[in-house]
Amino acid sequence: AGAPGAALPQLDPPARPVSGLGEGGGGLRGAVARGAVERSPRAALSTYLATEIRPNAAVEEATIYPAAAAIPTATLFVETMLVDHEELTSRIRSLADACDPYLALGLAEAVAALFEVHVRKENELLLPVLRHAKGISLTALLQNAHERLAGDRVEPVDRSSLSRRRDAPRGLAASPPTPRRAALVPP
């Protein structure tokens with residue numbers, strides 16, 4: 001638990017996926033507006049999402065979510081966060097496979113919107129619960145996550161231990177772990 005009035009550490013993704021949707025140079029939105037059908041902006045965004053966002057989610061599932069799942073009042077919230085991760089993973093895969101630029105743009109916009117809401121839920125709802133939980137050091141949890149990301153230690157997690165759903169996927173990183181360049185902001 002943190003001291004009253006102390007600044008709350010936050011999960012801070014390296015950049016928002018919307019940065020890949022920008023109107024200017026090479027962004028997916030700009031490419032579609034120009035009528036460009038090349039895959040390079042879409043491929044670059046897909047690569048970013050697969051190498052930055054998915055590993056971040058896997059580390060959250062290995063570090064922060066187990067602590068939250070142990071708090072009886074937070075278990076359903078953790079399940080909603082896992083559903084967000086499943087949806088992000090599904091849409092990231094669909095984006096990588098999209099052949100139509102307009103479909104790709106729609107998928108990219110959906111990923112960006114879902115990601116923004118997900119980050120807000122973590123920072124504004126989940127982390128305060130952890131901060132005020134007895135016996136949990138939010139600083140230590142975030143430091144552990146930071147160290148895993150900085151050391152490219154992103155291993156698959158057995159998500160069934162975090163969820164009461166029988167159909168919960170076994171791990172976010174069903175494919176081999178990908179190196180992660182950016183990290184959470186250290187506490």
Student: Do Val117 and Phe115 share a hydrophobic cluster (ILVMFWY, side-chain heavy atoms under 4.5 Å, transitive)?
Tutor: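 No; tracing contacts between hydrophobic side chains, which count when under 4.5 Å, never links both residues.
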Student: Testing the basics here: between Ala98 and Leu107, what is the closest heavy-atom pair and its distance to 0.1 Å?
Tutor: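 Smallest interatomic distance, heavy atoms only, reads CB-CD1, 4.2 Å.
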Student: What heavy-atom pair brings Ile136 and Ala67 nearest, and what distance separates the two atoms?
Tutor: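 Heavy-atom minimum between the residues: CD1-O, 3.8 Å.
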Student: Are a donor atom and an acceptor atom from the side chains of Glu122 and Tyr65 found within less than 3.5 Å of each other?
Tutor: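 Indeed, the side chains of Glu122 and Tyr65 share at least one donor-acceptor pair under 3.5 Å.
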Student: When rounded to the nearest 0.5 angstrom, what is the spacing between CG in Leu49 and CG in Asn56?
Tutor: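 Leu49 atom CG to Asn56 atom CG measures 12.0 Å (nearest 0.5 Å).
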Student: Could you pull out the closest heavy-atom pair between Ala74 and Ala68, with the gap in Å?
Tutor: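 For Ala74 versus Ala68, the nearest heavy atoms are CB-O, 3.4 Å.
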Student: What I want to check is whether the side chains of His85 and Glu60 have a donor and an acceptor closer together than 3.5 Å.
Tutor: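 Their side chains do contain a donor-acceptor pair, which is all the 3.5 Å distance test asks for.
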Student: How many angstroms lie between atom OG1 of Thr139 and atom CZ of Arg131, to the nearest 0.5 angstrom?
Tutor: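 Here the interatomic distance stands at 8.5 Å.
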Student: How close do Ala133 and Ile71 get, heavy atom to heavy atom, and via which atoms?
Tutor: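 The pair with the smallest heavy-atom distance is CB-CD1, 3.6 Å.
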Student: Can you tell me how far CG of Leu142 sits from OG1 of Thr63, rounded to the nearest 0.5 angstrom?
Tutor: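 Answer rounded to 0.5 Å: 7.5 Å.
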Student: Tell me whether Arg120 is salt-bridged to Glu116, with the criterion being a basic N under 4.0 Å from an acidic carboxylate O.
Tutor: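 The answer is no: the pair does not qualify as a salt bridge.
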Student: Is the backbone of Glu86 close enough, under 3.5 Å, to the side chain of Ser90 for a donor and an acceptor to pair up by distance?
Tutor: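 Between the backbone of Glu86 and the side chain of Ser90 there is no qualifying donor-acceptor contact (under 3.5 Å).
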Student: Walk me through it: do Glu87 and Leu114 pass the test side chain to side chain contact (heavy atoms under 4.5 Å, CB included)?
Tutor: CA-CA 8 Å; Glu87 189 61 28; Leu114 178 56; 3.6 Å; yes
Student: Please identify which of these residues, Asp84, Val83, Ile53, Asn123, meets the side-chain contact (heavy atoms from CB on, under 4.5 Å) condition with His118.
Tutor: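 Among Asp84, Val83, Ile53, Asn123, the one that satisfies the side-chain contact (heavy atoms from CB on, under 4.5 Å) with His118 is Asp84.
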Student: What verdict does the side chain to side chain contact (heavy atoms under 4.5 Å, CB included) test give for Phe77 and Leu125, after you've listed the backbone C-alpha separation in whole Å, the side-chain angles of each residue and the deciding distance to 0.1 Å?
Tutor: CA-CA 9 Å; Phe77 188 71; Leu125 302 172; 3.8 Å; yes
Student: First locate atom CG of Leu95, then atom CD1 of Ile92, and finally report the distance between them rounded to the nearest 0.5 Å.
Tutor: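 That separation rounds to 8.0 Å.
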Student: Rounded to the nearest 0.5 Å, what separation is found between the CZ atom of Arg54 and the CZ atom of Arg93?
Tutor: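 Arg54 CZ to Arg93 CZ: 4.5 Å, rounded to 0.5 Å.
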Student: Of all heavy-atom pairs between Ala110 and Arg91, which one has the smallest distance, and what is that distance?
Tutor: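 Scanning both residues completely, I find the closest heavy atoms to be CB-NH1, 2.9 Å.
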Student: If you measure from NE2 on His146 to CG on Leu141, what distance do you get to the nearest 0.5 Å?
Tutor: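 The distance works out to 14.5 Å.
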